[in-house]
**Q** 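This is the structure I want to talk about, given as structure tokens.
First listed ligand is number 1; within each ligand, the first listed atom is number 1.
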Amino acid sequence: MTGHRIATNQELVGTVLAVQANFYRVQLQGGLIPTLLCTRRTRLKKIGQQVMVGDQVLVEEPDWMGGRGAIADVLPRKTELDRPAIANVNQILLVFALADPPLEPLQLSRFLIKGESTGIDLRLCLNKCDLIQEDERRAIGDRLESWGYKPIFLSVQEGMNIEEAREYLKNKITVIAGPSGVGKSSLINQLIPQGNLRVGKVSGKLARGRHTTRHVELFELPNGGLLADTPGFNQPDLGFIPEELIYYFPEGRKLLEKGSCRFSDCLHRDEPGCIVTSDWERYEHYLEFLQEAMAYQTFCQQQSDPESTLKLKTKGQGENHYEPKLESKKYRRVSRRVQVQNLHHWYTENQE
Ligand SMILES: Nc1nc2c(ncn2[C@@H]2O[C@H](COP(=O)(O)OP(=O)(O)OP(=O)(O)O)[C@@H](O)[C@H]2O)c(=O)[nH]1
Ligand SMILES: [Zn+2]
């Protein structure tokens with residue numbers, strides 16, 4: 001009977017919200033039923049198909065009463081983030097505070113670059129508006145506009161512009177990132193009714209296992225959409241291919257839209273025929289991060305060379321330095337093919 005078939009064998013599509021030991025908590029499309037706790041079919045294990053948080057999966061043999069099911073297949077991923085490990089993230093909400101802790105341009109830049117490098121849409125959110133003057137805020141807004149960003153100015157404490165944030169998050173899978181103390185947890189608590197947050201006991205905060213576990217979980221927003229929190233980390237590393245760095249700056253992308261440099265592997269420092277001018281505020285940040293990316297590349301190449309070592313030095317806000325102890329060898333450039341692939345990857349990801 002078809003009626004029976006529909007109830008048991010119809011293709012059920014859902015989203016993996018969390019992975020708990022060998023179980024996957026899946027929210028079915030439509031969202032009428034609470035989540036199902038699912039196992040992964042042996043066939044998937046055999047072919048080595050991993051299931052990630054954020055994955056769209058096909059669920060079979062739902063046991064509605066028991067709240068169980070089995071994951072039969074994983075649909076192709078649109079995006080795949082590494083840290084946190086989440087598939088199909090649509091956007092990153094980067095939260096910083098305007099004060100307390102103070103807004104540090106280099107640190108902000110570092111987070112922006114890291115976010116841009118994922119190729120996923122990025123929106124900046126500046127919290128604690130209540131702590132600064134209106135004219136100060138406007139000046140910061142103008143400055144960030146010249147960087148290529150239009151932030152959402154928030155005050156979680158005073159409930160200012162929360163609606164704009166809500167609108168941005170609606171029906172999307174969003175990862176919240178940002179340094180410690182800027183108000184990420186406070187914002188999440190505003191957005192998601194307490195009942196939906198089942199964590200809390202360990203650290204009192206959403207999805208943060210006190211830095212011990214790499215627990216990743218997507219939380220359901222009341223009006224549609226899923227949200228993941230990332231544990232506060234202050235210094236994202238910038239292990240990029242140096243040639244790609246310029247594309248992580250909106251200002252750089254804009255300059256390169258107008259044409260191309262004489263040398264295809266130009267690093268935009270003072271090469272002849274370079275079209276990347278130095279008359280933009282963050283050019284200094286570009287040079288700083290470029291050094292880091294180059295040192296990182298050298299580091300990776302020296303891994304196979306046991307005689308050389310490299311120290312990661314952190315000095316103050318936003319500055320990491322890899323310092324080769326030995327004279328660093330001339331670093332091998334990334335092949336054109338790899339570069340093109342990477343850029344292609346970046347662009348295609350960005351267009352989704
Ligand atoms: N003045 C002011 N304080 C705020 C605002 N939002 C949050 N805070 C305060 O800022 C402090 C840090 O907030 P949290 O939400 O814990 O910050 P977090 O980003 O989650 O920090 P980590 O958990 O360390 O990553 C708390 O004392 C909040 O009460 C705001 O809009 N204005
Ligand atoms: Zn150039």
**Q** Report the relative orientation of the aromatic rings in Tyr283 and Tyr286; use parallel for angles under 30°, tilted for 30 to 60°, perpendicular for over 60°.
**A**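 Rings of Tyr283 and Tyr286: parallel, under 30°.
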
**Q** Near Ser180, which atoms of ligand 1 are under 4.0 Å from a heavy atom of that residue?
**A** 21 (O), 22 (P), 24 (O), 25 (O)

**Q** Flag the pair Arg138 and Glu134 as a salt bridge only when some basic side-chain nitrogen lies within less than 4.0 angstrom of an acidic carboxylate oxygen.
**A**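 A salt bridge links Arg138 with Glu134.
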
**Q** Which bit of Leu131 gets closer than 4.0 Å to ligand 1, counting heavy atoms only: side chain, backbone, both or neither?
**A**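 Side chain only.
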
**Q** Between Lys254 and Glu251, is the closest basic N to carboxylate O distance under 4.0 Å?
**A** no

**Q** Between Gln27 and Thr35, is any side-chain donor less than 3.5 angstrom from a side-chain acceptor?
**A** no

**Q** State the atoms of ligand 1, each with its element, that fall below the 4.0 Å cut-off from a heavy-atom position in Ser186.
**A**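 The atoms of ligand 1 under 4.0 Å from a heavy atom of Ser186 are 7 (C), 13 (O), 14 (P), 15 (O), 28 (C).
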
**Q** Is Arg41 paired with Glu61 through a side-chain N to carboxylate O contact shorter than 4.0 Å?
**A** yes

**Q** Quick one: the SG of Cys274, the Zn ion (ligand 2), SG of Cys266 angle, rounded to 10°, please.
**A** 110°

**Q** Which atoms from ligand 1 have a heavy atom of Asp130 less than 4.0 Å away?
**A** 1 (N), 2 (C), 30 (C), 31 (O), 32 (N)

**Q** I need the ND1(His268)-the Zn ion (ligand 2)-SG(Cys261) angle, rounded to 10 degrees.
**A**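 For ND1 of His268 and SG of Cys261, the angle centred on the Zn ion (ligand 2) reads 100°.
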
**Q** Is Leu154 close to ligand 1, meaning an N/O of one under 3.5 Å from an N/O of the other?
**A**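 The answer is no, given that Leu154 and ligand 1 share no N or O pair closer than 3.5 Å.
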
**Q** Under 6.0 Å from the six-membered ring centre of Phe153 and within 45° of its axis: does the NZ or CZ of Arg137 meet both?
**A**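 Yes, Arg137 sits over the ring of Phe153.
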
**Q** Name the option, out of Val95, Asn127, Leu98, that contains the heavy atom nearest to atom 6 (N) of ligand 1.
**A** Asn127

